[in-house]
2 protein chains.
Amino acid sequence: MFTLSEENYLKAIYHLELDTVKGVSTNAIAKKLETKASSVSDMIKKLSEKDVVVYKKYKGVTLTVFGKKIAASIVRKHRLWEVFLVEKLNFSWDEVHDVAEQLEHIKSPKLVNQLDIFLGFPSHDPHGDPIPDKDGDLKTIEKSLLSTLEKNETGVCVGVNDSSSEFLKFLDKKEITLGKQIRVLEKEDFDDSLSIQIDGKKLSISNKIANNLYVQKS
Amino acid sequence: MFTLSEENYLKAIYHLELDTVKGVSTNAIAKKLETKASSVSDMIKKLSEKDVVVYKKYKGVTLTVFGKKIAASIVRKHRLWEVFLVEKLNFSWDEVHDVAEQLEHIKSPKLVNQLDIFLGFPSHDPHGDPIPDKDGDLKTIEKSLLSTLEKNETGVCVGVNDSSSEFLKFLDKKEITLGKQIRVLEKEDFDDSLSIQIDGKKLSISNKIANNLYVQKS
DNA sequence: ATATATTTTTAGACAAGACTAAAAATATTA
DNA sequence: TAATATTTTTAGTCTTGTCTAAAAATATAT
């Protein structure tokens, strides 16, 4: 069994591993968890004794197969709870993160299983992130940043890169939601801003926005 | 804000206060929480500094109005989650306690509120225990132990005194569920066992069972 | 009322998980 | 390659919540 703290470390490493080919650095973990490198060093030692990470001093950290399974199960729970909050309890997608961050640590295999059934086996959370299955595997869909679309290309909005409350609220205001189709009408070389068509309306989008919105090209 | 441990102490004191007129003893808390009296002594000191309990050395402990509010909100969450597990996730009433014990510590006023709405503002949990309202108040119904009914009296099954998995499973096996009507056909002086009628069938019930089943006299 | 038993508190220790400051290892740059 | 910068680890401290053992207070019994 793993403590709250251990689970949070595993989750952090899991997420960081997605972006790096090599091992995850102590500093990167510290930054992600808003803690100190020395604390990370301590914890990594414990985790490697529990055989969930492989650890070579000064060389960064990798999850073992076992560790990855644990981490994926936490991410699975997090995302299932997010779906629950949005679909059943009328939370909006910018309100779910902190609560899911707590709920993900509830230990009960039956609970996760029944929740999955109750929600109809969702494949993605409200932000478009894939939900790992019971074995920790996730089927990722082919998605591209909106900023990579060429002029006149179209795509369906399928996820966000930045899931901060601020960004999500901004999307709400502009009525940009997952599932909607977006067509790039114009790309400005000057500031890399986009002119897009969504819901039949024309909208101007900064590069920062386009860099945080995923679409599935169509 | 209160820690997990503090919340568990508050809840324990809350429950113990229901049975005692005077302050709750250190030993009673230790027993309930399966910890040592010395640990309780330490924690009580912290809690009284936080103004949730009143504490006089060697004299037992009482919740303050504030403390009672906190405790009631935890009990409220516990019982709402139990309803959720049974009604929505197909848990049986003997499986919910341990999970609810974890879920009760999730901190999110919106979550509790929405859950309450989602469940249709239930007044009692699956074991017949009342769910405190937002202010921590609970409307208790007039209930009596089945063992206190006289011959030929009838009542509706409304709760259990012992909510251990063993007892609940026993009731399941005998098809004794909340809401069913029970009539006392016979009382045996010899061993205080009862002969009752339920679902039109005759059933023999030991005193131990009758002492752990609440009915509302009718 | 005095002796005995029980309850409660205090004192001191420990583990988990975090921190600061300093040392050691690795990376980078001239 | 030597000098400097960065990253990582170690050493020692702190807090929370627990424990054991012993002391102090209260309760009970003769």
Side-chain angles (χ1 to χ4, degrees), chain A residues 1-14 16-17 19-63 67 70-71 74 101-102 104-105 107, chain B residues 1-14 16-17 19-63 67 70-71 74 101-102 104-105 107:
Chain A
M1 204 51 74
F2 295 89
T3 66
L4 181 70
S5 200
E6 288 170 340
E7 289 196 349
N8 283 331
Y9 273 91
L10 286 174
K11 191 170 52 120
I13 298 165
Y14 178 85
L16 289 167
E17 263 194 346
D19 305 327
T20 44
V21 193
K22 331 199 63 189
V24 178
S25 79
T26 303
N27 255 5
I29 299 170
K31 196 173 174 186
K32 182 132 212 167
L33 292 177
E34 293 178 292
T35 185
K36 303 292 166 179
S38 53
S39 309
V40 176
S41 240
D42 287 348
M43 181 57 94
I44 293 303
K45 244 172 273 168
K46 282 178 216 159
L47 291 177
S48 73
E49 266 159 35
K50 288 193 165 192
D51 293 317
V52 282
V53 301
V54 173
Y55 168 67
K56 274 272 188 66
K57 268 189 197 172
Y58 295 99
K59 295 297 173 200
V61 166
T62 328
L63 290 175
I70 306 285
I74 300 165
E101 204 77 358
Q102 299 177 61
E104 72 191 5
H105 300 290
K107 284 163 183 64
Chain B
M1 206 51 78
F2 296 88
T3 67
L4 181 71
S5 200
E6 288 170 339
E7 289 196 347
N8 282 332
Y9 274 89
L10 286 174
K11 192 171 50 119
I13 298 166
Y14 178 87
L16 290 168
E17 262 194 346
D19 304 327
T20 45
V21 193
K22 330 200 64 190
V24 178
S25 78
T26 302
N27 254 6
I29 299 169
K31 196 173 173 187
K32 182 133 212 166
L33 292 177
E34 294 178 292
T35 182
K36 301 294 166 180
S38 54
S39 310
V40 176
S41 239
D42 288 345
M43 180 57 94
I44 293 303
K45 246 173 269 168
K46 283 178 215 157
L47 290 177
S48 72
E49 266 159 34
K50 288 193 166 190
D51 292 318
V52 284
V53 301
V54 173
Y55 167 67
K56 274 272 189 64
K57 267 188 198 171
Y58 294 98
K59 294 297 174 200
V61 166
T62 329
L63 289 174
I70 306 286
I74 300 165
E101 205 77 359
Q102 300 177 61
E104 72 190 4
H105 300 291
K107 285 165 182 64

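Computed from a predicted structure; not experimentally measured. Naming: A, B, ... by sequence-line order, numbering from 1 per chain.
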Distance-only donor-acceptor test, A:Ser25 side-chain atoms vs D:dT8 base atoms, 3.5 Å: no
Between C:dC19, C:dT9, D:dT9, which one does the side chain of B:Thr26 approach most closely? C:dT9
Any donor and acceptor pair, going by atom type alone, linking the side chain of A:Thr35 with main-chain N or O of A:Lys31 inside 3.5 Å? no
Rounded to the nearest Å, what distance is computed from the CG atom of residue B:Asp42 to the P atom of nucleotide D:dT20? 13 Å
Could you check which of C:dC19, C:dG17, D:dG17 has an atom nearest any side-chain atom of A:Glu6? C:dG17
Side chain of B:Tyr58 (C-beta onward), nearest among D:dT26, D:dT8, C:dG17: D:dT26
Is the shortest side-chain N to carboxylate O distance from B:Glu101 to B:Lys11 below 4.0 Å? yes
B:Ile29 CD1 to D:dT18 P: how many Å, rounded? 12 Å
Whole-Å distance separating the NZ atom of B:Lys56 from the C1' atom of D:dT26: 15 Å
Can you measure B:Glu49 atom CD to D:dG17 atom C1' for me and round it to whole angstrom units? 15 Å
Winner on side-chain proximity to B:Tyr9, out of C:dG17, D:dT18, D:dT8, is D:dT18
Out of C:dC19, D:dT18, C:dT8, which has the shortest distance to the side chain of A:Ser38? C:dC19
Within the structure shown, what part of the strands sits under 4.0 Å from B:Ser5 by heavy-atom distance: base, sugar-phosphate, or nothing? sugar-phosphate
Between P on C:dT8 and OH on B:Tyr55, what's the gap in Å once rounded to a whole number? 10 Å
Stepwise, does the salt bridge (charged side-chain N to carboxylate O under 4.0 Å, His left out) test hold for A:Lys107 with A:Glu7? CA-CA 11 Å; A:Lys107 284 163 183 64; A:Glu7 289 196 349; 2.9 Å; yes
Measure the distance from CE on A:Met1 to C1' on C:dA16 and round it to the nearest whole Å. 18 Å
Nearest whole angstrom, please: distance from the P of D:dT26 to the CG of B:Asn27. 15 Å
Length of the CG-P vector between A:Leu4 and C:dG17, whole Å: 9 Å
From the set C:dT20, D:dT18, D:dT8, return the single nucleotide nearest to any side-chain atom of A:Lys36. C:dT20
By nearest-heavy-atom nucleotide on DNA chain C, the more 5' of A:Lys57 and A:Glu34 is A:Glu34
Which nucleotide in D:dC19, D:dT16, D:dT8 has an atom nearest any side-chain atom of B:Lys46: D:dT16
Would you please test A:Val52 and A:Glu6 for side chain to side chain contact (heavy atoms under 4.5 Å, CB included) and show each step? CA-CA 10 Å; A:Val52 282; A:Glu6 288 170 340; over 6 Å; no
Respond yes when some side-chain nitrogen or oxygen of B:Ser39 is under 4.0 Å from OP1 or OP2 of D:dT18, and no when none is. no
Using a 6.0 Å cut-off, check whether atom NZ of A:Lys32 has over 12 heavy atoms from anything other than its own residue. yes
Does the cation-pi check pass for A:Lys50 over A:Phe2, that is, NZ or CZ under 6.0 Å from the six-membered ring centre and within 45° of its axis? yes
Hey, is the side chain of A:Thr3 poking within less than 4.0 Å of OP1 or OP2 on C:dG17, counting only N and O atoms? yes
Counting the atoms with a prime plus P, OP1 and OP2 as sugar-phosphate, which does A:Lys45 contact under 4.0 Å by heavy atoms, base, sugar-phosphate, or nothing? sugar-phosphate
